[in-house]
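Here is the structure we will look at, set down as structure tokens.
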Number of protein chains: 2
Amino acid sequence: MSITPQPPPSRPGTPARILDAAERIVQARGFNAFSYGDVATELNITTAALHYHYPRKSELGSALVSRYSARFASRLREMDEAGASTRSKLDGYVRIYAETLSEGRMCLCGVLAAEYMTLPADMQTAIRGFFDQNEAWLAAALERGKTEGCVEFAGCGGDTARMIIGCLQGAMLLSMPYGDVKRFTAVATCLLCGLYRQARPS
Amino acid sequence: MSITPQPPPSRPGTPARILDAAERIVQARGFNAFSYGDVATELNITTAALHYHYPRKSELGSALVSRYSARFASRLREMDEAGASTRSKLDGYVRIYAETLSEGRMCLCGVLAAEYMTLPADMQTAIRGFFDQNEAWLAAALERGKTEGCVEFAGCGGDTARMIIGCLQGAMLLSMPYGDVKRFTAVATCLLCGLYRQARPS
DNA sequence: GTCTATAGGCAGATAGAC
DNA sequence: GTCTATCTGCCTATAGAC
């Protein structure tokens with residue numbers, strides 16, 4: 001096999017640019033307060049062009065959640081493959097949220113959860129999938145950490161995983177009205193402190 | 001002073017009935033996915049009648065948050081006046097959320113926080129007021145509990161208060177997609193366990 | 001793939017009769 | 001206080017030209 005030179009990194013195509021803009025808008029305003037017009041204005045194209053790529057708003061919404069969920073999953077997989085310690089996994093998990101928030105964005109699926117009842121069925125399923133995936137990854141990391149003695153918590157890993165997700169999503173949500181990332185950071189630190197307290201360092 | 005007989009408890013007037021219906025709908029669907037038409041249908045009146053009582057949607061929204069916030073505050077004040085212990089205050093605080101959720105409702109201000117950027121300024125101010133009030137009450141209870149030794153946590157009471165609020169709001173939010181109150185209860189139990197762990201019972 | 005043009009619907013809001 | 005009627009605007013979505 002010869003080493004074939006890679007083509008220069010191509011600019012994202014229209015579908016990806018649409019998703020980029022739509023994602024940012026939905027993270028800021030939610031799905032119901034977001035319109036094809038918002039995206040069209042930002043990309044300097046017409047709403048008709050948008051409908052060519054994503055005929056219905058529900059399809060655009062589902063594509064948003066799928067891409068977001070896959071991107072999130074790859075971040076988690078990276079930590080697994082790097083053989084990260086339990087504590088650095090938990091720290092890394094919190095960091096993903098903190099990065100999002102420092103860009104002034106909410107978690108896409110967190111925002112959508114608040115509108116869950118009004119969303120099309122495909123999106124609802126995809127959103128639950130996102131949280132299930134997060135919970136499973138966290139629960140596995142927590143159980144391992146408990147065995148190793150570097151993390152301490154009452155109850156099972158699944159419940160604690162849900163608590164962590166709920167706590168981080170809630171803290172993110174509430175930090176938006178105050179436009180203050182520190183609000184999130186303080187809560188996250190507080191949360192991790194509770195898990196690490198009295199356990200021996202990893 | 002003679003004992004004057006009280007009039008029979010009068011039915012709630014139209015404004016209150018409007019708020020009742022609107023509150024339930026917003027808690028389920030959010031502010032942006034809620035319309036005068038929804039309320040009008042439920043109360044069997046026209047949207048024009050609604051506009052007589054609440055001329056603009058933003059005024060209806062502000063009235064919703066004010067009433068909700070006042071009702072919540074009175075629940076907290078009741079616990080103070082009953083001289084409840086720190087632990088029973090924290091348990092009681094969680095119970096308020098659990099009751100709401102068991103009626104299939106989200107916290108009104110939690111839902112609205114997710115739509116914060118799209119809301120009129122008056123509503124934004126009122127929503128922040130709700131969270132500030134909750135945080136102050138919890139922080140005071142936590143600090144007292146720490147002094148008494150019946151509650152244990154790292155950092156200051158304010159940060160822990162924010163963590164509790166964030167955690168409960170997030171857990172509520174995420175329990176909606178799963179239609180499962182147990183999801184919330186497990187998280188809340190986990191949270192309280194962490195606070196009570198190793199501290200001596202009150 | 002993107003455009004112009006437009007259909008069809010629903011939203012918030014107002015005027016004026018009763 | 002509640003109604004009918006209506007205005008205006010924005011939204012999702014489609015048809016057809018380029």
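Values below: all heavy atoms of this structure, side chains included; hydrogens, waters and symmetry mates excluded. Below, chain A is the first sequence line, B the second, and so on; all start at residue 1.
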Cation-pi, B:Phe34 ring and B:Lys57 (6.0 angstrom, 45 degrees): no
Can you name the residues that form a side chain to side chain donor-acceptor pair (under 3.5 Å) with A:Asn32, not counting sequence neighbours? A:Glu115, A:Thr118
Which residues pass the salt bridge (charged side-chain N to carboxylate O under 4.0 Å, His left out) test with A:Arg71, not counting sequence neighbours? A:Glu23
Qualifying residues under side-chain contact (heavy atoms from CB on, under 4.5 Å), relative to A:Ala139, sequence neighbours excluded: A:Ala161
Salt bridge (charged side-chain N to carboxylate O under 4.0 Å, His left out) against A:Glu99, all qualifying residues, sequence neighbours excluded: A:Arg75
Taking salt bridge (charged side-chain N to carboxylate O under 4.0 Å, His left out) as the test, write out the residues that go with A:Arg144, two or more places apart. A:Glu148
Just grab all the salt bridge (charged side-chain N to carboxylate O under 4.0 Å, His left out) pairs involving residues 41-54 of chain B, residues at least two apart or on different chains. B:Arg24-B:Glu42
If the condition is side chain to side chain donor-acceptor pair (under 3.5 Å), which residues does B:Tyr93 pass it with, not counting sequence neighbours? B:Tyr97, B:Asn134
Can you pull out every salt bridge (charged side-chain N to carboxylate O under 4.0 Å, His left out) where at least one residue sits in residues 175-190 of chain B? Sequence neighbours excluded, please. A:Glu135-B:Arg183
Set of residues satisfying ring-ring contact (aromatic ring centres under 6.0 Å, His included) with respect to A:His51, sequence neighbours excluded: A:Tyr36
Give me the residues of residues 54-64 of chain B where at least one heavy atom lies under 4.0 Å from an atom of DNA chain C, by number, or none. B:Pro55, B:Arg56, B:Lys57
So which of residues 32-52 of chain A are in contact with DNA chain C, with a heavy-atom cut-off of under 4.0 Å? A:Asn44, A:Ile45, A:Thr46, A:Ala48, A:Ala49, A:Tyr52
Span of DNA chain D in contact with chain B (heavy atoms, under 4.0 Å): D:dG1 to D:dT4
